[in-house]
Amino acid sequence: MDPEASSPEKQDKENLVGISSKRLGVCGWILFSLSLLLMIVTFPISIWMCLKIIKEYERAVVFRLGRIQADKARGPGLILVLPCIDVFVKVDLRTVPCNIPPQEILTRDSVTTQVDGVVYYRIYSAVSAVANVNDVHQATFLLAQTTLRNVLGTQTLSQILAGREEIAHSIQTLLDDATELWGIRVARVEIKDVRIPVQLQRSMAAEAEATREARARVLAAEGEMNASKSLKSASMVLAESPIALQLRYLQTLTTVATEKNSTIVFPLPMNILEGIGGVSYHNQQKVPNRA
């Protein structure tokens, strides 16, 4: 016994409508001959009723006596439809946007939110889309809503807000696997908007503001600490050379005079001028007053 022949997936595919290759039978061939004869007798009037134009982005699934004519759809271009026994269905192969309305979702951390999205898909097998599902677009629309709720229900609010691309990719994978037998290929899934309650928005804003304020205080404290270390190093350098302290003092006066064009008066002790001109206050006291 072949294990592949008894697998559930293969049995499901064989039971799908439109995949079996049974022939018309004797009665079918008789009706086919009569229809062909009728078309020949009423020619050329019947030719205008039997020739159908299929556009480039369309395909035609032809049913002959209730059976699909071939496993592959016809078109584009001109196709021949026999009178009385053939019925055809046009299928559009262009990409279809499916707008998912806002879905109320309870996240894993017990937060109620509303999420909407959009799904882009197209039909790659016209025969499967017509034969295996009643309304392929409605079925895909309902499946997209259910999949969106199921996937987002297992995520927390922070994961939904931060990982939209990963969630959209997982939804696309689930939809693509589920709609494969319908002849649907999901091209893209996007989450458009995540709506949360107003009270929760205020709480999240307050939390974010507190986090930013705490971070600002930490950065300010680190800046003060680094500045203190730099000042300590500078004071140690200046302590080794008193002349450097005097030069720094004069440089600061020059900078202040350049920025603020005004007269600045500083009380200047005499001992600061020691070393500038070799003059000291004690040396001036030792000079006798000849007057």
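In this chain, residues are counted from 1 in sequence order. Worth saying up front: this structure is predicted, and the values here are computed from it rather than measured. Just so you know, these numbers use all the heavy atoms, side chains as well, and skip hydrogens, waters and symmetry mates.
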**Asked** Stepwise, does the side chain to side chain contact (heavy atoms under 4.5 Å, CB included) test hold for R185 with D176?
**Response** CA-CA 6 Å; R185 180 170 291 121; D176 206 9; 4.3 Å; yes
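- Annotation: side chain of D116 is not in contact with side chain of I100 (no heavy-atom distance under 4.5 Å).
- Judged by the 6.0 Å and 45° rule, R188 forms no cation-pi pair with Y120.
- Residue F88 is not grouped with residue I85 when hydrophobic side chains (ILVMFWY) are merged at heavy-atom distances under 4.5 angstrom, including chains of intermediate members.
- Listed here is the closest heavy atom pair of I79 and A60: CD1-CB, 3.7 Å.
- More than 12 heavy-atom neighbours from other residues, nucleotides or ligands sit within 6.0 angstrom of NZ on K192.
- A pairwise comparison of heavy atoms in R59 and L93 identifies CG-CD1, 3.3 Å as the closest pair.
- Between the OG atom of S170 and the CD atom of E166 there is a distance of 8.5 Å, given to the nearest 0.5 Å.
- For L161, the CG atom counts as densely surrounded, since its 6.0 Å shell holds more than 12 non-hydrogen atoms of other residues, nucleotides or ligands.
- When the shell of 6.0 Å around CG of N134 is examined, it contains 12 or fewer heavy atoms from other residues, nucleotides or ligands.
- Contact check on K90 versus D92 returns no salt bridge, with no Lys/Arg side-chain nitrogen under 4.0 Å from an Asp/Glu carboxylate oxygen.
- Taking 4.5 Å as the limit, every side-chain heavy atom of F63 sits out of range of all side-chain heavy atoms of D86.
- Here the side chain of R94 pairs no donor or acceptor atom with the backbone of E58 at under 3.5 angstrom.
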**Message:** Could you walk me through whether V87 and V62 satisfy the side chain to side chain contact (heavy atoms under 4.5 Å, CB included) test, starting with their C-alpha distance in whole Å, then the side-chain angles of each, then the deciding distance to 0.1 Å, before giving a yes or no?
**Reply:** CA-CA 6 Å; V87 177; V62 180; over 6 Å; no
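- Distance alone, capped at 3.5 Å, is enough to place a donor-acceptor pair between the T146 side chain and the L142 backbone.
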**Asked** Do I171 and T147 pass the side chain to side chain contact (heavy atoms under 4.5 Å, CB included) test, and can you show the C-alpha distance, the side-chain angles, and the key distance before you say yes or no?
**Response** CA-CA 7 Å; I171 293 175; T147 307; 4.1 Å; yes
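- A donor-acceptor pair under 3.5 Å is absent between the side-chain atoms of E104 and the main chain of P102, judged by distance alone.
- Annotation: the span from D109 atom CG to Q159 atom CD amounts to 8.5 Å, rounded to 0.5 Å.
- A donor-acceptor pair under 3.5 Å is absent between the side-chain atoms of T156 and the main chain of R108, judged by distance alone.
- In the hydrophobic clustering of ILVMFWY residues, with side-chain heavy atoms under 4.5 Å counting as a link, V133 and L143 come out together.
- F43 and V81 are assigned to two separate hydrophobic clusters, defined by single-linkage of ILVMFWY side chains at heavy-atom distances under 4.5 Å.
- Hydrophobic clustering of Ile, Leu, Val, Met, Phe, Trp and Tyr side chains at less than 4.5 Å, counting indirect connections, unites V189 with V194.
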**Request:** Could you walk me through whether L175 and Y121 pass side chain to side chain contact (heavy atoms under 4.5 Å, CB included), step by step?
**Result:** CA-CA 10 Å; L175 284 177; Y121 66 91; over 6 Å; no
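- K55 places none of its side-chain heavy atoms less than 4.5 Å from the side chain of P76.
- Within the 4.5 Å cutoff, side-chain heavy atoms of V91 are placed close to those of V130.
- Considering every non-hydrogen atom in both A73 and V61, the closest pair reads CB-CG2, 4.1 Å.
- Between I105 and L148, the closest heavy-atom pair is CD1-O, 4.3 Å.
- Without hydrogens or angle criteria, Q145 side chain to Q103 main chain gives no donor-acceptor distance under 3.5 Å.
- Under the 4.5 Å side-chain heavy-atom criterion for Ile, Leu, Val, Met, Phe, Trp and Tyr, F141 and I123 are members of distinct hydrophobic clusters.
- Looking at L106 and V111, their side chains never come closer than 4.5 Å, going by heavy atoms from C-beta outward.
- When all heavy atoms of V136 and W182 are compared, the closest pair comes out as CG2-O, 4.2 Å.
- Summarising the geometry of S128 relative to L181, their closest heavy-atom pair is CB-O, 3.8 Å, with the distance given to 0.1 Å.
- Taken to the nearest 0.5 Å, the CG atom of L152 stands 10.5 Å off from the CZ atom of R164.
- By the 6.0 Å contact criterion, CE on M225 is enclosed, its count of non-hydrogen atoms from other residues, nucleotides or ligands being greater than 12.
- Just one of T107, V115, L157, I160 meets the side chain to side chain contact (heavy atoms under 4.5 Å, CB included) condition when paired with I196; it is L157.
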